[in-house]
Amino acid sequence: MIVPFGESGAGPEFYLPQRRHTAGGPGDPWEAATGELAGALFASLARRDQRQKGEQYLRGLLQARGRKSIRNIAAHVGGPAAEQSLHHFISSSTWDWMPMREALARHLSRAAAPQAWVVGPMPIPKAGDQSVGVEQGYDQCLGQSFHGQQAFGVFYASELLTVPVHWRLFLPGSWLRDDLRRRRAEIPEGIAEETLLECALAAFAESVGSWRVPARPVVLNTYVDRVAATVDRFTAAGLPVVARVSGTSLLEVRDPALPGYGGGPLAAQRILASVKGLRRRSTWGGPTGSGGSLTVAVRVGPTDGSGRARRAGAGDGDRDLLLLGEWTDPDSSPVALWVTNLASAPAGALLRLTKLAGRACRDLTGVGEEVGLRDFEGRSFRGWHRHISLASAAHAATAMAGLGGSPVEYPTPRSA
């Protein structure tokens with residue numbers, strides 16, 4: 001049984017505050033975190049009134065109880081008079097969200113460099129069919145189908161906190177090929193059809209891949225089917241990458257001492273089954289807890305698009321990779337499989353990187369729900385991006401405030 005993305009023991013729990021943010025004195029951690037973020041993020045907004053509305057919306061996300069609709073946010077920061085102006089600020093204004101997102105990533109990185117940049121999915125269930133991008137999808141965190149939107153986030157990730165700094169909304173062909181739908185949702189002309197994996201890769205490339213932030217390993221917490229092409233892309237850019245793969249991914253064993261060497265492409269699950277006797281216990285830890293799993297790392301090579309093994313030494317893209325398997329039950333199948341171009345890294349170090357991805361997924365259910373990442377009720381492409389940018393800032397403020405409380409209760413993940 002392969003348990004995706006929110007597996008138990010995915011790192012230290014995040015502690016949510018037990019109270020809402022209210023105006024406090026200089027020593028109030030909420031006030032300090034929110035004030036610092038507002039100064040760093042809203043400097044990119046050209047007009048003073050936009051900066052004021054940005055901070056107003058951010059504080060409303062932190063204060064409002066329940067669903068973070070514009071009406072609910074306005075009720076906490078100005079009443080009916082604020083609702084119309086905030087609606088215009090989110091849905092109809094012209095400000096660009098990308099400088100704000102880069103400012104958020106740089107603000108976090110100045111406080112402490114991340115251990116990794118995590119790219120992972122976020123399903124957004126919706127009851128209707130008018131919100132931009134809505135279609136039948138699959139929740140990779142919970143292992144079940146759903147009706148709604150799908151987005152990929154790029155997360156600043158460390159053992160202390162994970163914060164989304166960028167988002168890309170997946171737009172199905174049924175939206176992009178429908179001129180009426182495109183026009184009503186105000187989808188920009190330059191956006192073309194892409195697969196889920198292409199969406200995830202583009203999310204990284206258009207953000208952290210070009211921003212002035214620290215270079216760190218990239219953890220792709222979405223199933224990669226084109227292993228060779230995906231890993232080659234990061235290797236060519238000089239970036240370490242750890243990518244989640246399925247048990248059916250075809251790879252070539254490149255260690256002469258192991259079963260399957262010289263046997264051509266084999267399924268990743270089969271390769272790991274043949275080396276179960278070499279598993280060792282690897283641990284991870286953090287400020288609030290620790291855990292361990294059985295792991296094994298196998299030196300492998302990728303296959304080409306037809307499933308044939310690529311000849312080692314033929315080029316940079318044919319360097320050895322590592323296949324990492326993780327077990328929580330020694331008598332069951334691995335719960336996670338990963339491939340990385342960090343070919344000399346110890347299994348324990350790789351496991352700790354993957355736990356950052358698990359934590360990012362879990363925090364979407366905890367902190368993300370608190371700050372309304374999934375709560376935008378409008379229909380426009382631009383409105384969605386502006387809301388989720390400010391909700392990501394609220395996520396950062398909540399995390400950086402660091403108030404005590406009870407650990408978040410997360411749902412038990414299901415099999416993929």
Side-chain angles (χ1 to χ4, degrees), residues 4-6 57 61 66-70 72-73 87 90-91 97-98 101 118-155 164-188 190-204 206-207 220-223 360-395 411 416:
F5 304 14
Y57 199 89
L61 287 166
R67 192 166 185 84
K68 306 304 188 294
S69 65
I70 293 178
N72 196 15
I73 291 169
H87 186 277
I90 294 297
S91 298
W97 52 82
M98 289 298 287
R101 294 180 183 181
V118 173
V119 181
M122 182 177 72
I124 309 171
K126 293 285 184 179
D129 60 0
Q130 298 301 308
S131 296
V132 59
V134 163
E135 196 173 70
Q136 197 68 20
Y138 184 78
D139 184 338
Q140 296 176 325
C141 286
L142 297 180
Q144 61 190 28
S145 297
F146 76 102
H147 179 78
Q149 299 163 308
Q150 295 190 75
F152 283 91
V154 180
F155 294 77
V165 296
H166 178 62
W167 293 96
R168 187 175 178 90
L169 183 64
F170 176 71
L171 296 174
S174 59
W175 279 82
L176 296 177
R177 294 190 298 267
D178 188 322
D179 291 340
L180 180 59
R181 273 183 148 185
R182 286 193 74 129
R183 187 167 59 253
R184 286 178 173 174
E186 299 177 327
I187 298 173
I191 295 181
E193 290 186 51
E194 60 189 1
T195 66
L196 287 170
L197 177 58
E198 288 168 343
C199 184
L201 295 175
F204 177 81
E206 68 187 4
S207 59
L220 292 178
N221 198 26
T222 187
Y223 286 111
C361 186
R362 288 150 58 91
D363 280 356
L364 286 178
T365 308
V367 186
E369 291 297 324
E370 277 287 298
V371 300
L373 283 173
R374 295 179 171 93
D375 285 356
F376 182 62
E377 294 182 347
R379 299 178 180 180
S380 76
F381 177 87
R382 292 181 175 87
W384 182 87
H385 273 284
R386 294 193 181 106
H387 168 86
I388 206 166
S389 298
L390 290 160
S392 296
H395 190 295

Asks: At what distance, to the nearest 0.5 angstrom, does CZ of Phe155 lie from CG of Asn221?
Replies: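 Between atom CZ of Phe155 and atom CG of Asn221 there are 9.0 Å.
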Asks: NE2 of His387 to NZ of Lys68: how many Å apart, nearest 0.5 Å?
Replies: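 Here the rounded value is 9.0 Å.
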Asks: Starting at OH of Tyr57, measure out to OG of Ser389 and round the result to the nearest 0.5 Å.
Replies: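 Output value for this atom pair is 10.5 Å.
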Asks: So is Arg181 actually on top of Trp175's ring, under 6.0 Å and inside 45° of the axis?
Replies: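 Yes, Arg181 lies over the aromatic ring of Trp175.
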Asks: So how far is it from Leu171 CG to Arg177 CZ, rounded to the nearest 0.5 Å?
Replies: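 Nearest 0.5 Å value for the CG-CZ distance: 12.0 Å.
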Asks: Taking the side chain as every heavy atom from C-beta outward, state whether Tyr138 and Leu196 have any atom pair closer than 4.5 Å.
Replies: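 Not touching, per the 4.5 Å side-chain cut-off.
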Asks: For residues Arg184 and Arg379, determine if any side-chain heavy atom of one lies less than 4.5 Å from a side-chain heavy atom of the other.
Replies: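 Arg184 does not reach Arg379 side chain to side chain.
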Asks: Which heavy atom of Ser380 sits nearest to which heavy atom of Ser91, and what is that distance?
Replies: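 Of all heavy-atom pairs spanning Ser380 and Ser91, the closest is OG-O, 4.3 Å.
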Asks: Does Val132 reach the side chain of Phe376, with side-chain heavy atoms less than 4.5 Å apart?
Replies: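 A side-chain contact is absent here, since even the closest heavy-atom pair is not under 4.5 Å.
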Asks: Side-chain contact, heavy-atom cut-off 4.5 Å: Leu201 with Phe152?
Replies: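 Heavy-atom side-chain distance check fails, nothing below 4.5 Å.
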Asks: Using the rule side-chain hydrogen bond (donor to acceptor under 3.5 Å, both in side chains), only one of Glu194, His385, Glu198 pairs with Arg168; which is it?
Replies: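 Single pass found, and it is Glu194.
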Asks: Just do the side-chain contact (heavy atoms from CB on, under 4.5 Å) check on Trp97 and Trp167 with the steps written out, would you?
Replies: CA-CA 10 Å; Trp97 52 82; Trp167 293 96; over 6 Å; no
Asks: State, to 0.1 Å, how close Arg374 and Arg67 come at their nearest heavy-atom pair, and which atoms those are.
Replies: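 Scanning both residues completely, I find the closest heavy atoms to be O-NH2, 3.8 Å.
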Asks: Over all heavy atoms of both residues, which pair between Val119 and Ala200 is shortest? Give the atoms and the distance, please.
Replies: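 Scanning both residues, the minimum pair turns out to be CG1-O, 3.5 Å.
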Asks: Could you state the interatomic distance from CG (Leu390) to CD1 (Ile90), rounded to the nearest 0.5 Å?
Replies: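 With rounding to 0.5 Å, CG (Leu390) is 5.0 Å from CD1 (Ile90).
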Asks: Give the minimum heavy-atom separation between Glu377 and Ser69, together with the two atoms involved.
Replies: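 Shortest heavy-atom separation between Glu377 and Ser69 comes out as OE1-CB, 3.5 Å.
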Asks: Do Arg182 and Phe381 have side chains that get closer than 4.5 Å, going by heavy atoms?
Replies: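 They are not in side-chain contact.
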Asks: Counting distance only, does the side-chain N/O of Arg382 pair as donor-acceptor with the main-chain N or O of Glu186 below 3.5 Å?
Replies: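 Side chain of Arg382 to backbone of Glu186, a donor-acceptor pair under 3.5 Å: yes, one is there.
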Asks: Is any side-chain heavy atom of Leu373 closer than 4.5 Å to a side-chain heavy atom of Val367?
Replies: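 They are not in side-chain contact.
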Asks: Please report the closest heavy-atom contact between Ala360 and Val118, naming both atoms and the distance.
Replies: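 Closest approach of Ala360 to Val118, heavy atoms only: CB-CG1, 4.2 Å.
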Asks: Please test Glu135 against Ser174 for side chain to side chain donor-acceptor pair (under 3.5 Å), starting from the C-alpha separation and ending with a verdict.
Replies: CA-CA 8 Å; Glu135 196 173 70; Ser174 59; 2.7 Å; yes
Asks: If you look at every heavy atom in Ala391 and Val371, which pair is closest and at what distance?
Replies: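 Closest approach of Ala391 to Val371, heavy atoms only: O-CG2, 3.5 Å.
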Asks: Could you tell me whether the side chain of His395 reaches within less than 4.5 Å of the side chain of Glu370, counting heavy atoms only?
Replies: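 SC-SC contact between Glu370 and His395 ruled out.
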Asks: Nearest 0.5 Å please: distance from the CD1 atom of Ile73 over to the CG atom of Asp375.
Replies: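 With rounding to 0.5 Å, CD1 (Ile73) is 8.5 Å from CG (Asp375).
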Asks: Can you find a heavy atom in the side chain of Gln136 that is under 4.5 Å from one in the side chain of Ser145?
Replies: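 Yes, close enough: below the 4.5 Å cut-off.
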